[in-house]
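These notes concern the structure reproduced below.
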Amino acid sequence: MRIPLFKMERMQSTYENYVEYNLSESGVHPMRVEELLDGAPSSLGTARLLATELGYCQSNGTEELRDRIALFYPGARRENILVTNGGAEANFTSFWTLLEKGDRVALQIPNYFQTPGLARIFAGRADFFRLVRRKEGAATRWALDLDSLRRAVTKKTRIILVTNPNNPTGAILTDAEMDAVVQTARRAGAWIVADEIYRGAEVSGTTTPTFYGRYSRVLITSGLSKAFGLPGLRVGWVAGPPKTVEAIWAHRDYTTIAPSIMSDHLGRIAMEPARREEIFERTRSIIRTNLPPLEKWIATHEDIFEYTPPQAGAIVFIKYRLPIGSIKLVERLRKEQSVLIVAGDQCGLPKHIRIGFGSPVEYTEKGLGRIDQTLQKMSNTSSGVHRPFPAGRSGTAFR
Ligand SMILES: Cc1ncc(COP(=O)(O)O)c(C=O)c1O
């Protein structure tokens, strides 16, 4: 079966461990096993972990883990939850279960491009609606373009996909925007799949409201990889109506069968509500510490960069005015400077770059210093930094 390449993931998988400065990550610096075990109740402590028999785990996740995940969603119970291997498997199995050939999927862009690929594989047709930069008072935010949402959703639309908080912009939908998504879905009889994997990583400290419970046809996909800083556990989940969750579980029998029993154990520690909030505080504190130095660096390039601050996540999404496409720019930075960042073209928006800042500040700053060297070289050539494109030419394809 031919599949569209998931270009961003392919690029990261190929190069992330072969560069000196990997700024392509979207999460915060991961926690260590010992940090997670420190302060765990004795029922889940080190001795119990080491005594674990390495058998198959309960295939949809242990009852204790599902109970704890359910506590993150008002009104949810264990039968609303399926534990998967990462958020990626939650998205994969949800799309596989819901879609038939000939269905249409409306997807928010810019985005993490797993779901557009899945839409093409399982349905055949992807329609896009946009987040756009909008000036509100003194500040600029990424706002939902309601007209494009209405245009993208038809009677054939089976899924409306939102990533909230969003990757790569770090934008959070307002309550009114969430209501508009629900109304549009209700009118079309479509499912909302809300990828909420960055929920808990807000700069402000206020947890993003969930789509869960706002409409009968909602599936939440999420996991421990981003807001929790635990991507190595490969714990994700789907939250939704029991019948649909059961159908997704039946599809998961064909992929990975069950979560790892060690990961389920450690996931139970992370999802205990008080511990969950402590972990979010760790994540937010990393974001609040690391963002200002990065913003300082961005300000030194205000002649070429246009920047809208993230509301969540350890990533900035920057528009640039340079006579080079984002994929070429990222490639050049990797080859010349051994720095990896993400190309806007691989997130659905050209002339942008995504830089992750979840690693220690000194590391990120060294990587940024390398980027400066290439920008400097470009400014010394005739087609360089100080001859930006005329205003309005960049990024117009998606505006
Ligand atoms: C929005 C979004 N969803 C899902 C995933 C995949 O998550 P996981 O690593 O838990 O499979 C990512 C990873 O970057 C992501 O950004």
Side-chain angles (χ1 to χ4, degrees), residues 6-13 16 22-31 61 65 69 72 82-96 107-119 131 142 159-173 192-202 208 210-211 219-239 252 255-256 259-260 263-264 266-267 270-271 279 283 287 310-317 340-344 346-349 354-359:
F6 183 1
K7 290 181 186 154
M8 187 194 98
E9 205 58 54
R10 197 86 300 275
M11 181 275 297
Q12 280 186 292
S13 299
E16 66 190 348
N22 177 19
L23 307 186
S24 72
E25 275 291 333
S26 63
V28 293
H29 199 70
M31 291 179 77
L65 178 56
I69 294 170
F72 197 31
L82 168 70
V83 179
T84 58
N85 280 280
E89 190 179 48
N91 285 333
F92 182 92
T93 48
S94 297
F95 273 52
W96 187 20
L107 302 128
Q108 179 194 43
I109 49 166
N111 215 322
Y112 176 67
F113 254 54
Q114 182 196 11
T115 44
L118 294 176
L131 289 174
W142 288 93
I159 295 177
I160 300 176
L161 181 281
V162 288
T163 300
N164 193 51
N166 179 257
N167 172 7
T169 61
I172 297 174
L173 297 174
I192 295 172
V193 176
D195 183 337
E196 296 184 346
I197 203 163
Y198 293 90
R199 178 172 177 239
E202 299 78 8
T208 305
T210 176
F211 270 94
L219 286 181
I220 306 298
T221 56
S222 190
L224 297 179
S225 300
K226 307 298 173 184
F228 291 82
L230 297 166
L233 290 184
R234 309 308 300 132
V235 167
W237 58 82
V238 180
R252 219 279 299 273
T255 55
T256 60
S260 136
S263 294
D264 187 292
L266 293 167
M271 286 310 288
I279 294 173
T283 298
I287 290 172
Q311 292 170 282
I315 37 179
V316 291
F317 196 54
L340 192 65
I341 61 170
V342 171
Q346 294 177 348
C347 305
L349 202 51
R354 190 190 82 180
I355 299 177
F357 61 89
S359 300

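Just follow the structure's listing: the first ligand is 1, and inside any ligand the first atom is 1.
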Tell me yes or no: between the side chains of Glu196 and Thr210, is some donor less than 3.5 Å from an acceptor? yes

Under the side-chain contact (heavy atoms from CB on, under 4.5 Å) rule, collect the residues that match up with Gln114, sequence neighbours excluded. Phe6, Ala88, Asn91, Phe92, Tyr112, Leu118

For ligand 1, would you mind listing the residues that have at least one heavy atom less than 4.0 Å away, ordered by chain and number? Ser26, Gly86, Gly87, Ala88, Asn91, Tyr112, Thr163, Asn167, Asp195, Ile197, Tyr198, Ser225, Lys226, Arg234

Can you list the residues that meet the side-chain contact (heavy atoms from CB on, under 4.5 Å) rule with Pro30, with sequence neighbours excluded? Pro231

Check whether the side chains of Asn166 and Thr169 place a donor and an acceptor atom closer than 3.5 Å, and report yes or no. yes

Which residue pairs satisfy the salt bridge (Lys or Arg N to Asp or Glu O under 4.0 Å) criterion with at least one member in residues 83-93, sequence neighbours excluded? Glu89-Arg252

Polar side chain donor-acceptor pair, Arg354 to Asn167, under 3.5 angstrom: yes

